[in-house]
Amino acid sequence: MTMSLVYETHSPTLDNESGHATGWLPGELSPTGLRKAAELGERRRDERIDLVVSSDLHRAVQTAEIAFGGTGVRLRADPRLREINYGDLNGMPVTRLDAERAHRVDVPFPDGESYRQVLARVADLLEELAAGYDGRRVLLISHAAPRYALAVLLAGADLTEQVTAPFTWQPGWSYSLPAGWVRPTGSSAAGSAR
């Protein structure tokens, strides 16, 4: 069987609105973000969701709790869904991030990680989910870098193209995760950390 996987971004934060890339800093939802988190819950309310897994960073946990707290859906936070660690550059202006992205596919941010390292940790989570949630529907709440990883691992996208493409928000991305899925072994998705 196949697991149905839905990905949603965390709701807008104060950093998003001020033009900063939060990275591994906790982040705080803005008033607009609080409203959008409630709207996410309403939008998904009538769907059968067996589990919500969010990044363990505050802004993603906050989104999950507002959207699905009190609904009876199990909520779980997992560090493998964290945004990329910008290391010394956590909290940098988005303009700086835009200039750095293409150079960080395989080369980590200073004292941080690379996009390929994020791909490896997301692959670990997907293997776990594929082994234990066959036939279920799981919703992930996370950040940009794990979204790139999902597109590469489950839709065959190119990591460099994902990292450098402009972002267009949409109300969720849907994927199928076959039972027993294991990460691809090809060079573009192998996920080896450097």
Side-chain angles (χ1 to χ4, degrees), residues 3-17 20-45 47-87 90-91 109 111-134 136-154 167 169 171-175 177 181 183 191 193:
M3 187 187 82
S4 175
L5 191 66
V6 178
Y7 167 84
E8 292 274 359
T9 59
H10 66 77
S11 293
T13 66
L14 296 169
D15 281 350
N16 295 145
E17 292 176 2
H20 290 86
T22 314
W24 274 22
L25 300 175
E28 183 71 34
L29 296 187
S30 68
T32 298
L34 296 170
R35 189 183 81 249
K36 295 279 189 187
E39 289 172 3
L40 166 60
E42 287 301 314
R43 183 164 33 88
R44 298 285 181 185
R45 188 80 63 216
E47 297 178 23
R48 179 185 64 90
I49 297 173
D50 298 299
L51 173 67
V52 173
V53 184
S54 73
S55 156
D56 67 341
L57 294 172
H58 178 68
R59 58 199 184 270
V61 171
Q62 194 179 16
T63 300
E65 289 174 347
I66 292 169
F68 298 101
T71 65
V73 175
R74 183 172 160 231
L75 304 179
R76 183 178 118 194
D78 193 303
R80 292 172 290 184
L81 284 176
R82 283 183 175 196
E83 180 57 284
I84 188 169
N85 182 2
Y86 303 129
N90 283 318
F109 283 90
D111 290 325
E113 60 186 341
S114 70
Y115 286 99
R116 195 148 329 263
Q117 288 172 301
V118 174
L119 189 134
R121 61 176 156 87
V122 171
D124 288 343
L125 175 63
L126 293 180
E127 286 177 340
E128 177 189 306
L129 292 173
Y133 288 89
D134 191 24
R136 302 226 173 99
R137 184 170 175 82
V138 176
L139 188 139
L140 307 178
I141 298 175
S142 189
H143 314 270
R147 180 176 53 83
Y148 307 150
L150 290 171
V152 171
L153 294 166
L154 300 180
F167 173 69
W169 183 87
W173 288 256
S174 297
Y175 301 96
L177 185 64
W181 179 91
R183 77 190 70 209

So, the side chain of [X] versus the backbone of [Y]: is there a donor-acceptor pair under 3.5 Å, distance only?
{"X": "T63", "Y": "S11", "result": "yes"}
{"X": "R45", "Y": "T71", "result": "no"}
{"X": "R59", "Y": "P26", "result": "yes"}

Pairs of donor and acceptor atoms involving the side chains of residues 142-150, under 3.5 Å and at least two apart or interchain, shall be tabulated with distances.
from, atom 1, to, atom 2, distance (Å)
S142, OG, L81, O, 2.5
H143, NE2, S55, OG, 2.8

Mind checking the CD1-CD spacing from I84 to E113? Nearest 0.5 Å is all I need.
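The CD atom of E113 is 5.5 Å from CD1 of I84, to the nearest 0.5 Å.
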Hey, what do you get for OG1 (T22) to NE2 (H58), rounding to the nearest 0.5 Å?
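Result: 11.5 Å between the selected atoms.
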Set of ring pair (Phe, Tyr, Trp, His ring centres under 6.0 Å) partners for F68, sequence neighbours left out:
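In terms of ring pair (Phe, Tyr, Trp, His ring centres under 6.0 Å), with neighbours along the sequence ignored, F68 is linked to no residue.
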Partner set under salt bridge (charged side-chain N to carboxylate O under 4.0 Å, His left out) for D111, not counting sequence neighbours
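Testing D111 for salt bridge (charged side-chain N to carboxylate O under 4.0 Å, His left out), a comparison that skips the adjacent residues, returns none.
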Atom of [X], atom of [Y] and distance for their closest heavy-atom approach:
{"X": "L125", "Y": "R80", "value": "CD1-NH2, 3.5 Å"}
{"X": "N90", "Y": "G23", "value": "OD1-CA, 3.3 Å"}
{"X": "L139", "Y": "I141", "value": "CD2-CG1, 3.4 Å"}

Identify all side-chain donor-acceptor contacts of residues 31-40 below 3.5 Å with residues at least two apart in sequence or on another chain.
from, atom 1, to, atom 2, distance (Å)
R35, NE, E39, OE2, 3.3

side-chain contact (heavy atoms from CB on, under 4.5 Å) with L51: which residues, sequence neighbours excluded?
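Counting only residues at least two positions away or on another chain, L51 forms a side-chain contact (heavy atoms from CB on, under 4.5 Å) with V53, R74, R76, L129, Y133, V138.
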If you measure from the Lys or Arg side-chain nitrogens to the Asp or Glu carboxylate oxygens, is any gap between D124 and R183 under 4.0 Å?
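Yes, this pair counts.
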Considering only NZ, NE, NH1 and NH2 on the basic side and carboxylate oxygens on the acidic side, decide whether R43 and E8 come within less than 4.0 Å.
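Yes.
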L119 and V122: side-chain contact (heavy atoms from CB on, under 4.5 Å), yes or no, with the steps?
CA-CA 5 Å; L119 189 134; V122 171; 6.0 Å; no
Should L29 and I66 be marked as a side-chain contact (heavy atoms from CB on, under 4.5 Å) after you check the CA-CA gap, both sets of side-chain angles, and the distance that decides it?
CA-CA 11 Å; L29 296 187; I66 292 169; 4.1 Å; yes
Test side-chain contact (heavy atoms from CB on, under 4.5 Å) on E28 and Q62 and set out the steps.
CA-CA 8 Å; E28 183 71 34; Q62 194 179 16; 3.0 Å; yes
Carefully, step by step, assess L126 and L5 under the rule side-chain contact (heavy atoms from CB on, under 4.5 Å).
CA-CA 10 Å; L126 293 180; L5 191 66; 3.7 Å; yes
Residues forming a side-chain hydrogen bond (donor to acceptor under 3.5 Å, both in side chains) with E65, sequence neighbours excluded:
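Expected list: none.
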